[in-house]
Colleague: 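A single structure is presented below for examination.
These numbers come from the heavy atoms of this one structure, side chains and all, not from hydrogens, waters or symmetry mates.
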Amino acid sequence: MPARSPTNDQVLEALRVRRAELRKSMSALEQALAAPAPGRLDAWAERVHVALVELVRDFREHIAIAEGPNGVFRRVLSTTPRLSDAVARLTREHAEINDLIDQLLTRVGAAPVSDGVDGVRDLGTALLVRLIRSRQRSADLVYQAYQSDIGGEA
């Protein structure tokens, strides 16, 4: 007997949960980046690294739910093909965000130096902005396809 595909409601609920987790890890990264660094570079870099690793996990799980074989994007394309440009844009954004994450992991993984803090913060802030915009477009896509609000989370 073939495995049953999850229902749209189940997939959307999984996306809601993942969005909430991703939002929490984005907040943790923002707090880590904003923490004072002078005189405590190693501790600052470690905190940023830990927050970034959590964000990576949550973002990659989000991608699996969005782009996977039973994911939201595939379902949207099958039910609402007029949204194919929006799906393509979000897929490209996910790849670009992954590139930013890899760049930030490399920067944070290097030996921290005081003049590198601003560069890490700039790159981290750029990453957070891209994530925020992508989450907004994702919510718009789901609403256009299903008239379902997947939430902005508090």
Side-chain angles (χ1 to χ4, degrees), residues 2-37 44-109 117-154:
R4 289 181 33 171
S5 293
T7 66
N8 280 343
D9 288 342
Q10 290 169 325
V11 171
L12 292 178
E13 182 57 28
L15 186 61
R16 277 185 195 95
V17 169
R18 184 53 40 217
R19 282 175 58 83
E21 291 300 316
L22 181 58
R23 178 67 189 99
K24 288 177 189 173
S25 58
M26 289 167 59
S27 180
L29 178 60
E30 190 278 328
Q31 290 174 7
L33 290 167
W44 178 85
E46 177 64 23
R47 182 174 175 195
V48 170
H49 184 264
V50 167
L52 184 57
V53 166
E54 182 69 19
L55 185 138
V56 167
R57 183 185 61 80
D58 289 338
F59 183 66
R60 295 206 171 130
E61 287 179 17
H62 167 78
I63 288 175
I65 292 168
E67 298 179 21
N70 289 313
V72 174
F73 291 177
R74 193 164 292 203
R75 289 166 183 271
V76 167
L77 291 173
S78 70
T79 60
T80 320
R82 68 181 169 78
L83 297 174
S84 63
D85 288 343
V87 169
R89 179 180 186 172
L90 282 165
T91 302
R92 282 191 309 273
E93 284 179 2
H94 287 168
E96 292 165 0
I97 290 168
N98 264 323
D99 289 344
L100 275 173
I101 287 170
D102 290 342
Q103 291 174 39
L104 190 54
L105 280 168
T106 299
R107 288 286 290 273
V108 172
V117 169
D118 285 341
V120 169
R121 284 179 172 153
D122 290 344
L123 192 55
T125 301
L127 170 62
L128 290 170
V129 168
R130 294 298 300 271
L131 283 164
I132 289 166
R133 289 185 180 150
S134 182
R135 290 176 80 249
Q136 292 165 345
R137 281 191 270 278
S138 178
D140 289 346
L141 173 77
V142 169
Y143 189 79
Q144 288 175 314
Y146 301 108
Q147 268 66 71
S148 179
D149 182 359
I150 56 176
E153 303 88 36

Colleague: Find the distance between CG (Leu123) and CG (Leu104) and round it off to the nearest 0.5 Å.
Modeller: 5.0 Å
Colleague: Please report the shortest heavy-atom distance between Leu141 and Phe73, naming the atom on each side.
Modeller: CD2-CE2, 3.8 Å
Colleague: Looking at Ala32 and Ala51, what are the two nearest heavy atoms and their distance?
Modeller: CB-CB, 4.1 Å
Colleague: Closest heavy-atom contact between Ala35 and Arg47?
Modeller: CB-NH1, 3.3 Å
Colleague: Could you check whether any side-chain N or O of Trp44 sits under 3.5 Å from a backbone N or O of Pro36, counting only pairs where one atom can act as donor and the other as acceptor?
Modeller: no
Colleague: In terms of relative ring orientation, are Phe59 and His94 parallel, tilted or perpendicular, with 30° and 60° separating the classes?
Modeller: perpendicular
Colleague: Heavy atoms only: give me the nearest Leu33-Arg121 pair and the separation to one decimal.
Modeller: O-NE, 2.6 Å
Colleague: So with a 6.0 Å cut-off around CZ of Arg133, is the heavy-atom count from everything else above 12?
Modeller: no
Colleague: Is there a side-chain contact between Ile132 and Met26 in this structure, where contact means two heavy atoms from C-beta onward sitting under 4.5 Å apart?
Modeller: yes
Colleague: Going by side-chain contact (heavy atoms from CB on, under 4.5 Å), name the residues that satisfy it together with Thr7, two or more places apart in sequence or in a different chain.
Modeller: Asp9, Gln10
Colleague: Assess the residue pair Gln144 and Thr80 against the criterion (side chain to side chain contact (heavy atoms under 4.5 Å, CB included)); give the C-alpha distance rounded to whole Å, side-chain angles, the decisive distance to 0.1 Å, and a yes or no.
Modeller: CA-CA 9 Å; Gln144 288 175 314; Thr80 320; over 6 Å; no
Colleague: Hey, what do you get for OG1 (Thr106) to CD1 (Ile101), rounding to the nearest 0.5 Å?
Modeller: 12.0 Å
Colleague: Check Glu54 against Ser25 and note the closest heavy-atom contact, atom names and distance.
Modeller: CG-CB, 4.0 Å
Colleague: List the steps, then state whether side chain to side chain contact (heavy atoms under 4.5 Å, CB included) holds for Leu127 with Leu52.
Modeller: CA-CA 10 Å; Leu127 170 62; Leu52 184 57; 4.1 Å; yes
Colleague: Less than 4.5 Å apart, any side-chain heavy atom of Val17 and any of Glu13?
Modeller: yes
Colleague: Can Leu77 and Leu83 be said to form a side chain to side chain contact (heavy atoms under 4.5 Å, CB included), step by step?
Modeller: CA-CA 7 Å; Leu77 291 173; Leu83 297 174; over 6 Å; no
Colleague: Output all residues satisfying side-chain contact (heavy atoms from CB on, under 4.5 Å) with Val11, sequence neighbours left out; order by chain, then residue number.
Modeller: Pro6, Val72, Arg75
Colleague: Run the salt-bridge test on Asp102 and Arg60 with the 4.0 Å N-O cut-off and return the result as yes or no.
Modeller: yes
Colleague: Would you say the side chain of Leu105 lies within less than 4.5 Å of the side chain of His49, judging by non-hydrogen atoms?
Modeller: yes
Colleague: Check whether any side-chain N or O of Arg19 sits under 3.5 Å from a backbone N or O of Arg135 as a donor-acceptor pair, and report yes or no.
Modeller: yes
Colleague: Between His62 and Ser138, what is the shortest heavy-atom contact and its length?
Modeller: CE1-OG, 4.3 Å
Colleague: Using side-chain contact (heavy atoms from CB on, under 4.5 Å) as the criterion, list what pairs up with Arg130, not counting sequence neighbours.
Modeller: Glu93, Glu96, Ile97, Leu100
